Amino acid sequence: MNDEALWAALSSAEGNAHLSRARDGMPTLEWLQPAGWLEAAALLKADPRFQFDLLLDVSGMDYHAYGQVEWRTEPATRSGFSRGVYESEQPYCASWNKPRFAVVYHFVSTVLNHRLRVRVFAENNDMPVVPSVFSIWNAANWYEREAFDLFGIHFEGHPDLRRLLTDYGFVGHPFRKDFPLIGEVELRYDAKEGRCVYEPVSIAPRTLVPKVIRMDNRYLPDEGVS
Amino acid sequence: MSELRNYTVNFGPQHPAAHGVLRLIMELDGEVITRLDPHIGLLHRATEKLAESKPYNQSIGYMDRLDYVSMMCNEHAYVLAIEKLLGITAPIRAQYIRVLFDELTRILNHLLWLGAHALDVGAMTVFLYTFREREDLMDCYEAVSGTRMHATYYRPGGVYRDLPDTMPQYKVSRWSDEKVTRDRNAARSGSLLGFIADFTERFPKLIDEYETLLTDNRIWKQRTVGIGVVSPERALNLGFTGPMLRGSGVAWDLRQSQPYAVYDRLSFNVAVGRNGDCYDRYLVRIQEMRESNCLMQHCIAWLRNNPGPVMADAPKVVPPKREVMKRDMEALIHHFKLFTEGYTVPEGEAYAAVEHPKGEFGVYLVSDGANKPYRVKIRAASYPHLAAMDEMCRGHMIADLVAMVSSIDVVFGEVDR
């Protein structure tokens, strides 16, 4: 992979985007608002220096609970984590100062053999809208429908933005971080009425293993400290 | 003049040719498809959200259940993504074992595909043949991991254990007398590697056997040549990867272009089609099985001569050995913490892709520094292929639709996730 050439081309070409290298080494472009993204997308496909002809993946992101833990481990604790039915209390939040919803694209160029990740944030947290790239890469069709279905992100200009994965008549966007893992309704067959009925779930959410953030990774080889 | 009207017909979700739970709403003009609307999600289990609620290692088993005919390849992508975030690499022997089992899985997948595809198109015999061979490969899965399908064999840092020295053997029973049992056990007297080596020697002849049934078969050609043609430009635009892209004539194979594990040490050819129809995709997959067979032989030869560790030396991630735990307090603590809480992963994001039998299978992981992934996104290989069904099928007959559904090699565990 001619990584340096791509890096140089990206840093010269991308105006209002932020270029960085992710932990896996992949160049990552980030737009804090969707303005400018669509023009850049067309360039990424057409420009002979990039030629990203294959859109591999479009992934919705919800940063609502980013950095929040279910059990604080840094201060000393008197009690362990109770594995009973548990409501997350005093969530600890690392400072997340960017918009809540984003869309992450992964591209590869089969001609030049390099990869790129693009993250585009939607400005409005209540009504996230991002322009559709369907007209540039047709592969975006179902990926954008999926992100719309699971995260409620709207793609402006998508020809057929319908739900894709969830049930017919489903309410809500299940992959948002404030959507409970156990769901909101349960389905059963009602013999009296002779049909299936939806009811609010009768079980309570239960966390078996708490989410914790520790500094354990300082022991990893590339972190330098042993 | 009589009124002309198109019919709207529902196909599936319970249909023997739907390869799982595919529902298609077809608009028909006579027997010709004018519009196709696939409805997916009937097998949606929210694997990604489930994985976000569990420590990293507990989700490896979910990966097996995505594309449940190429289990270990799914695990490979997930494990690679974790390793990228952690900054660890598996020992070289573990990487060879991974390649060996990736290729074994590719054969496993293509055999099922071939059998099911032929069955859909109307050839019954191939199905019986391919399942005979699949049984041997399933035994390899079982010998190495204890289960026939959902192996959970790859772990961050390597593989769960080294290859076993013995193969399980058949016992004499009411259905197989002593002589039959002896024949069945003939290849099982040595190690697992010996058993796989025996398989790789037999297998090319068996592929010839399938090919005599299909490749020059007049009916087979009538049903597949010129059906579902996708041009290279369209294939790229629609996000095709794997045999679907190579069938259209684009020589793109991650194992060669962006090698992972030890593929850069192995030499093999990439099969490329020309016309982008069902027949070329069939030829590509047949050739891939032959190449996989050679790759397995390379790996076996290397693995026989190079013993070594199969797990990285990273005690904060890799559970300690039983015997070490008996004498080392620290190992015991590590074991307890790893199995109750798991390991925390540095903040960051990683995308790892493997050349899965169906195309590029990718796992995108975002970590906020916790013991659970913040976001897991699985790039299912056959998802964009299925999305292109509408374009591929327009203007074809209903009978060709069945050939096309099976030629894209779709598995709903992975499409619906």
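Values below: every heavy atom of this structure, side chains too, minus hydrogens, waters and symmetry copies. All figures in this text were calculated on a predicted structure; none of them were measured in a lab. Reminder, nothing fancy here: chain letters follow the sequence lines and each chain counts from 1.
Interface summary for chain A: among Ile40(B), Leu386(B), Val366(B), the most heavy-atom pairs under 4.5 angstrom belong to Ile40(B). Residue with the most contacts toward chain B among Lys45(A), Arg119(A), Met26(A): Arg119(A) (heavy-atom pairs, distance under 4.5 Å). Heavy-atom pairs under 4.5 Å with chain A were tallied for Gly239(B), Ala350(B), Gly348(B), Ser367(B); the largest tally goes to Ala350(B). Between chain A and the options Lys337(B), His39(B), Glu391(B), heavy-atom pairs under 4.5 Å are most frequent for His39(B). Annotation: maximal heavy-atom pairing with chain A below 4.5 Å, among Leu236(B), Val415(B), Leu245(B), occurs at Leu236(B). Per-residue heavy-atom pair counts under 4.5 Å with chain A were compared for Glu349(B), Lys372(B), Arg234(B), Glu48(B), and the maximum is reached by Glu349(B).
Here the shortest heavy-atom pairing between Lys49(B) and Arg176(A) reads NZ-O, 2.9 Å. Of all heavy-atom pairs between Tyr351(B) and Asp24(A), the closest is N-OD2, 2.8 Å. In this structure, Phe175(A) and Ala46(B) approach most closely via the heavy-atom pair CE1-CB, 3.7 Å. Across all their heavy atoms, Gly369(B) and Ile213(A) have their closest contact at O-CG2, 3.5 Å.
Using a 4.5 Å cut-off between heavy atoms, Asp37(B) contacts chain A through its side chain alone, with no backbone atom that close. Residue Glu233(B) does not touch chain A at all, counting heavy-atom pairs closer than 4.5 Å. For Pro38(B), the parts sitting under 4.5 Å from any heavy atom of chain A are the backbone and the side chain alike. Contact annotation for Val108(A): only side-chain heavy atoms (C-beta onward) come within less than 4.5 Å of a heavy atom of chain B. Heavy atoms closer than 4.5 Å to chain B are found in both the backbone and the side chain of Phe179(A). The contact between Glu360(B) and chain A is made entirely by side chain atoms (from C-beta outward), counting heavy-atom distances below 4.5 Å. When heavy atoms are compared at a cutoff of 4.5 Å, Leu365(B) does not approach chain A at all. Proximity to chain A (any heavy atom under 4.5 Å) is restricted, for Ala380(B), to the backbone atoms N, CA, C and O. In this structure, the portion of Phe240(B) lying under 4.5 Å from any heavy atom of chain A is its backbone and not its side chain. Only the side chain of Leu254(B) comes within less than 4.5 Å of a heavy atom of chain A; its backbone N, CA, C and O stay farther away. Using a 4.5 Å cut-off between heavy atoms, Lys54(B) makes no contact with chain A at all.
Taking the six-membered ring where the residue is Trp, Tyr364(B) and His106(A) present perpendicular rings, their angle passing 60° and hence far from 30°.
Inter-residue side-chain proximity for Arg379(B) and Tyr143(A) is flagged as met; some heavy-atom pair is nearer than 4.5 Å. Between Glu52(B) and Lys177(A), some side-chain heavy-atom pair lies under the 4.5 Å cut-off. Looking at heavy atoms from C-beta onward, Gln258(B) lies in side-chain contact with Arg115(A) at the 4.5 angstrom threshold. Side-chain contact between Val209(A) and Asn371(B) is present, with at least one heavy-atom pair separated by less than 4.5 Å. Using a 4.5 Å heavy-atom threshold, the side chains of Arg375(B) and Ser59(A) count as touching. Using a 4.5 Å heavy-atom threshold, the side chains of Leu150(A) and His44(B) count as touching.
Environment of CD in Glu330(B): sparse, with no more than 12 heavy atoms of neighbouring residues, nucleotides or ligands closer than 6.0 Å.
Identified by a heavy-atom distance below 4.5 Å to chain B, the contributing residues of residues 160-167 of chain A are Arg162(A), Leu164(A), Leu165(A), in residue-number order.
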query = Under the side-chain contact (heavy atoms from CB on, under 4.5 Å) criterion, do Tyr374(B) and Lys211(A) qualify, and how do the steps go?
reply = CA-CA 10 Å; Tyr374(B) 185 73; Lys211(A) 181 180 170 188; 3.9 Å; yes
message = Test side-chain contact (heavy atoms from CB on, under 4.5 Å) on Trp252(B) and Asp53(A); report intermediate values, then the result.
response = CA-CA 12 Å; Trp252(B) 176 254; Asp53(A) 47 2; over 6 Å; no
ask   = Can you check side-chain contact (heavy atoms from CB on, under 4.5 Å) on Leu54(A) and Thr241(B), steps first, answer last?
value = CA-CA 9 Å; Leu54(A) 205 54; Thr241(B) 48; 3.9 Å; yes
query = Would Glu146(A) and Arg417(B) satisfy salt bridge (Lys or Arg N to Asp or Glu O under 4.0 Å), going step by step from the backbone distance to the final call?
reply = CA-CA 11 Å; Glu146(A) 181 190 330; Arg417(B) 283 159 288 153; 3.0 Å; yes
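The CG atom of Leu181(A) sits 5.5 Å away from atom CG of Leu50(B), with the distance rounded to the nearest 0.5 Å. Put simply, CG on Asp390(B) and CH2 on Trp142(A) are 9.5 Å apart, with the number rounded to the nearest 0.5 Å. Taking OH from Tyr63(A) and CG from Asp368(B), the interatomic distance works out to 10.0 Å, rounded to the nearest 0.5 Å. For the atom pair CG (Asn237(B)) and CD1 (Ile136(A)), the distance works out to 10.0 Å, reported to the nearest 0.5 Å.
A side-chain N or O of Tyr66(A) and one of Glu347(B) form a donor-acceptor pair less than 3.5 Å apart.
Proximity of a side-chain donor or acceptor of Arg23(A) to a complementary backbone N or O of Leu85(B) within less than 3.5 Å is detected. Without hydrogens or angle criteria, Asn138(A) side chain to Leu238(B) main chain gives no donor-acceptor distance under 3.5 Å.
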